[in-house]
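Below: one structure, written as structure tokens.
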Amino acid sequence: MIPPGWHLAARLVEGADTIKSEEQAVTLAERISELTPMRRAGNPAELRGLALYLASDASSFVTGAVFMHDGGWSSW
């Protein structure tokens with residue numbers, strides 16, 4: 001399983017549908033980045049390698065794993 005954290009272009013933030021301006025969106029993005037241990041949002045393209053690994057024979061012995069893709073949120 002790949003539970004994603006906050007990624008650019010993703011509307012995973014509660015209340016994201018209430019953002020009415022670009023300025024509000026930028027302010028929210030900056031605030032979330034400040035709170036993320038890696039100090040940035042993820043890029044959806046960064047999920048590609050992990051998904052390919054899990055879909056390939058290279059992961060044939062992986063069972064029941066959770067691969068956190070959240071920039072360090074879950075380690076806090």
Side-chain angles (χ1 to χ4, degrees):
M1 179 186 339
I2 306 172
W6 182 64
H7 286 67
L8 294 173
R11 299 188 59 85
L12 300 174
V13 179
E14 184 177 323
D17 55 341
T18 63
I19 296 172
K20 304 293 184 208
S21 70
E22 183 65 27
E23 182 179 336
Q24 285 180 326
V26 168
T27 299
L28 177 61
E30 288 173 351
R31 182 69 179 133
I32 292 173
S33 291
E34 289 170 5
L35 296 172
T36 301
M38 291 187 74
R39 299 289 186 248
R40 66 178 182 85
N43 186 316
E46 292 175 298
L47 291 164
R48 189 177 314 139
L50 181 53
L52 286 172
Y53 165 70
L54 291 173
S56 75
D57 288 340
S59 69
S60 64
F61 205 64
V62 174
T63 59
V66 177
F67 294 86
M68 302 304 293
H69 200 275
D70 63 3
W73 275 93
S74 59
S75 64
W76 281 59

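Heads up: numbering here begins at 1 and tracks the sequence.
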Practice task
Compare every heavy atom of Asp70 with every heavy atom of Thr36, then report the nearest pair and how far apart it is.
Solution key: CG2-O, 4.2 Å

Practice task
Grab the two heavy atoms, one from Arg40 and one from Glu46, that are nearest each other, plus how far apart they are.
Solution key: NH2-OE2, 2.8 Å

Problem - Cluster overlap Ile2 with Tyr53, hydrophobic side-chain contacts below 4.5 Å - result: yes

Fill in the blank from the handout: Closest non-hydrogen contact found for Trp73 with Pro37 is N-CD, 3.9 Å

Problem - same_hphob_cluster(Leu50, Met68) at 4.5 Å side-chain heavy-atom cutoff - result: no

Fill in the blank from the handout: In terms of heavy-atom contacts, Ser59 and Ser56 come closest through OG-O, 3.1 Å

Exercise for the section: Locate the shortest heavy-atom distance separating Phe67 from Ala65; write the atom from each residue and the value. Expected result: CE1-CB, 3.5 Å

Below 3.5 Å, can you tabulate the donor-acceptor pairs from side chains in residues 22-30 to any protein atom, sequence neighbours excluded?
unit_1	atom_1	unit_2	atom_2	d
Gln24	OE1	Lys20	N	2.6
Gln24	OE1	Ser21	N	3.3
Thr27	OG1	Glu23	O	2.9

Exercise for the section: For residues Glu34 and Arg39, report the shortest heavy-atom separation together with the two atoms involved. Expected result: O-NH1, 2.5 Å

